[in-house]
Protein chains: 2
Amino acid sequence: MPHDSHSKPQTGPALNAAQARALGALQAAGRPLTAYEVLDALREDQPRAAPPTAYRALRRLIDLGLVHRLESLNAYTPCVHEHDAADAGASQATLFAICDDCGNVREITDAPLARRMRQLAEEGAFTPASTIIEMHGRCGGCASEGGA
Amino acid sequence: MPHDSHSKPQTGPALNAAQARALGALQAAGRPLTAYEVLDALREDQPRAAPPTAYRALRRLIDLGLVHRLESLNAYTPCVHEHDAADAGASQATLFAICDDCGNVREITDAPLARRMRQLAEEGAFTPASTIIEMHGRCGGCASEGGA
DNA sequence: GAGACGAATGTTATATTGTAACCGCTGAGC
DNA sequence: GCTCAGCGGTTACAATATAACATTCGTCTC
């Protein structure tokens, strides 16, 4: 069974088997996954899959705006907002709040923040293509639990 | 020669030979250096130096607030502002504008940006410990040169 | 339908980045 | 002098990522 072309038409752009599997794994995990964790998920379908298969699927998902890469973790997380990847630099500024205790990641988009970033870029004659904002710290849940 | 305590008294805290050499290499480079490029610089003094020597020196310099790590490049750049590392999460928000054409990096600190980040964290009951803001794109110089 | 061609994917191998764990020196305190 | 703690050196390896080549598949042409 090489591939079935009628599997997931509703998502929008067609994803191949590896891409769909990778996205599913990321959505199911509830936490960021490394490329090699995604690879492990792909191997449930294709036991011989190798790293480039995972990296190519992830790149495609990122290009489609369905997944983000967290640079400070070398990990990947599904995007909870719908937006075009083409917007990444200009109008979007997505902030990730990463709890170093529980690993939870919150994705936040904020217009005033994006506006200020654009303004700073403009003042510096800089044309942004993509922006990374990652905050590490402690989420509310972990702060109230482990007071120490 | 374990360490000479009279090498650079004006910088503040004492740096050992490897740390001073690493910082010098970063300042001289004019662009971010990878850990292994810093290691090459260290080897001019200590030809047998191994990766942990470079990583330890870099970590120390980061802890002292003298160097930043650029997560999106896996590279390191000297800090042009004087500030305590302890501030990193709370009052400081340092933005790096990275030109993908020429590799130049500009370090920008901006109070309104930092304020908005703090506010967003607070609204989400999140306690930030450190924040990464990296903008990729094209600097003014490169935009005016290579119009294409 | 056979063959040529290009795009996508599979596969192998290796490059790059980073760290665990142990060793040995040096210097402080006794 | 002896012990011990801490730092830095060293070895070995783990984790992350990509280059380069082989194969497959679909499509176009004739």
Which whole-number value in Å describes the distance from [X] [atom1] to [N] [atom2]?
X: A/Leu70; N: D/dA17; atom1: CG; atom2: P; result: 12 Å
X: B/Arg59; N: C/dG18; atom1: CZ; atom2: C1'; result: 10 Å
X: B/Leu33; N: C/dT16; atom1: CG; atom2: C1'; result: 16 Å
X: B/Glu37; N: C/dT16; atom1: CD; atom2: P; result: 11 Å
X: A/Asn74; N: C/dT16; atom1: CG; atom2: C1'; result: 12 Å
X: A/Leu73; N: C/dT17; atom1: CG; atom2: C1'; result: 16 Å

| query | Quick one: is C/dA8 close enough that its OP1 or OP2 comes under 4.0 Å of any side-chain N or O from A/Asn16? | reply | no
| message | Looking at A/Arg69, I'd like to know whether one of its side-chain N or O atoms comes within less than 4.0 Å of OP1 or OP2 on D/dA17. | response | yes
| said: Through direct or indirect side-chain contacts below 4.5 angstrom among Ile, Leu, Val, Met, Phe, Trp and Tyr, which residues connect to B/Leu70? | reply: B/Leu73, B/Phe96, B/Ile98, B/Val105
| message | With the threshold set at under 4.0 Å for non-hydrogen atoms, list the residues of residues 41-55 of chain A touching DNA chain D in residue-number order. | response | A/Pro51, A/Pro52, A/Tyr55
Below 3.5 Å, does any donor atom in the side chain of [X] face an acceptor in the base of [N], or the other way round?
X: B/Arg60; N: D/dG8; answer: no
X: B/Tyr36; N: C/dA15; answer: no
X: A/Arg56; N: C/dG10; answer: yes

| task | Answer yes or no: are there more than 12 heavy-atom neighbours, outside A/Arg69 itself, under 6.0 Å from its atom CZ? | result | yes
| request: Group every Ile, Leu, Val, Met, Phe, Trp and Tyr by side-chain heavy-atom contacts under 4.5 Å, then state whether B/Met135 and A/Leu95 land in the same group. | output: yes
| query | Between B/Asp100 and B/Arg138, does at least one N-O distance fall below 4.0 Å, as a salt bridge requires? | reply | no
| said: Keeping A/Gln19 on the side-chain end and A/Asn16 on the backbone end, is there a donor-acceptor pair under 3.5 Å? | reply: yes
| Distance-only side-chain donor-acceptor flag, A/Glu71 / B/Ser72, under 3.5 Å | no
